[in-house]
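Side chains included, hydrogens not; waters and symmetry mates left out as well; all remaining heavy atoms used.
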Amino acid sequence: MWNAALWGAISGSAVLLGALGAIFLHIPKKVIGDIMACGTGVLIGAASFELLGESVHKGGIAATATGFLAGALLFTIFDCIISKRGAKHRKRSGKNSQTAGLAIFIGTVIDAIPESMMLGASLIGRQSVSWLLVVAIFLSNLPEGLSSTSGLMNGGYSKTKIFTLWLSVMVISSLSAWAGYFFLANAPDFVMAGIAAFAGGGIIAMVSSTMMPEAYEDSGPVTGMFAAIGLLISLLLDHLSG
């Protein structure tokens, strides 16, 4: 059980590491875009191979389709709400105002919770965590911490306040992974399938509406190549873990 919390914290720590990088290293926007593009490819692979593939195998196409569409719809609704409140560019480095800080934080949490829950659930009945999900979540959180922190600093947030926000995201990720393991340990296969598909739908919606457009804005035409590399990484990890 506590392994789930530990891995949730590790994957969530990427946001904190990204924030530290933005504060102390001043990483170029193009590098942030390249990392985000690679993370996009890994996340697409994780959603396809780890979440949707397992969902169809365990619960059938009906539960998978229902969960997938529900996850995509719910993320889209929440994304629309927080976008109107100032978090539309939460992963971009130069377009956030001070009033957008809370919306940026809420948007990041919405991104993190379903990913971390499925990371915790991946430990059920297994001796080791899903490395594909760990790498996917880490690579998506790292550029989010980098880019969002730059925006928050431009909006006037202090380093202490920014550090506190991202530290709380790491804690929430840890608790979400623990909850995914604890509450889903005895769930029937069709419930697990629906939840996995739900997380997959949310991830695909998030990748399409936030990560990929913002990666292209910073990285340019090579975005597709880095995304392809990320997808290849997820394929290799899935093959090695299988």
Side-chain angles (χ1 to χ4, degrees), residues 2-29 31-40 42-43 46 82 86-87 89-96 98 100-120 122-123 129-181 199 202-203 206-207 210-211 214-215 218 230:
W2 298 113
N3 273 348
L6 175 63
W7 283 112
I10 290 173
S11 62
S13 69
V15 180
L16 190 59
L17 292 175
L20 292 173
I23 292 172
F24 297 109
L25 299 180
H26 304 291
I27 299 173
K29 288 181 64 177
V31 174
I32 297 175
D34 293 342
I35 298 172
M36 188 177 292
C38 186
T40 295
V42 177
L43 273 177
I82 64 173
H89 303 296
R90 61 183 179 274
K91 294 179 183 172
R92 298 182 185 179
S93 58
K95 297 187 177 181
N96 297 308
Q98 189 169 8
L102 182 59
I104 291 170
F105 172 73
I106 293 172
T108 303
V109 170
I110 289 173
D111 294 345
I113 287 177
E115 300 169 347
S116 299
M117 286 191 70
M118 291 316 303
L119 179 60
S122 74
L123 278 164
V129 73
S130 168
W131 287 103
L132 176 53
L133 283 178
V134 171
V135 173
I137 296 171
F138 194 92
L139 285 179
S140 66
N141 283 341
L142 185 61
E144 183 165 332
L146 283 166
S147 192
S148 296
T149 297
S150 298
L152 289 172
M153 290 176 66
N154 290 339
Y157 276 70
S158 68
K159 294 178 182 178
T160 301
K161 191 169 185 178
I162 292 171
F163 182 81
T164 302
L165 283 175
W166 296 143
L167 182 63
S168 65
V169 170
M170 186 179 74
V171 173
I172 290 170
S173 297
S174 178
L175 292 175
S176 297
W178 176 88
Y181 182 90
I203 287 172
M206 181 268 291
V207 161
T210 60
M211 289 186 68
E214 292 155 14
D218 290 341

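- The shortest distance between side-chain heavy atoms of Ser174 and Trp7 does not fall below 4.5 Å.
- Residues Ala5 and Trp178 approach most closely at CB-CB, 4.0 Å, considering heavy atoms.
- Expressed to the nearest 0.5 Å, how far OG1 of Thr160 lies from CG of Leu165 amounts to 11.0 Å.
- For the residue pair Asp218 and Gly33, the shortest heavy atom distance occurs at CB-CA, 3.8 Å.
- At least one side-chain heavy atom of Phe138 sits under 4.5 Å from a side-chain heavy atom of Leu17.
- Taking every heavy atom of both residues into account, Ala215 and Ala37 meet most closely at CB-N, 3.8 Å.
- Separating the CE atom in Met206 from the CG atom in Leu43 is a distance of 5.0 Å, to the nearest 0.5 Å.
- With contacts defined as side-chain heavy-atom distances shorter than 4.5 Å, the pair Leu119/Ser11 qualifies.
- Atom CD1 in Ile162 sits 13.5 Å away from atom CG in Leu167 (nearest 0.5 Å).
- The CE atom of Met117 lies 11.5 Å from the CG atom of Leu175; values are rounded to the nearest 0.5 Å.
- In terms of heavy atoms, Ala4 sits closest to Ala177 at O-CB, 3.1 Å.
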Stepwise, does the side chain to side chain contact (heavy atoms under 4.5 Å, CB included) test hold for Ile23 with Phe163? CA-CA 10 Å; Ile23 292 172; Phe163 182 81; 5.7 Å; no
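- Side-chain atoms of Ser158 come within 3.5 Å of backbone atoms of Lys161 as a donor-acceptor pair (strictly under, hydrogens ignored).
- Side-chain contact between Met36 and Leu142: absent, with no pair of heavy atoms (C-beta onward) separated by less than 4.5 Å.
- Between the CD1 atom of Ile137 and the CG atom of Leu132 there is a distance of 9.5 Å, given to the nearest 0.5 Å.
- Of all heavy-atom pairs between Asn141 and Ala14, the closest is CB-CB, 3.6 Å.
- Side-chain contact between Tyr181 and Asn3 is absent, with no heavy-atom pair separated by less than 4.5 Å.
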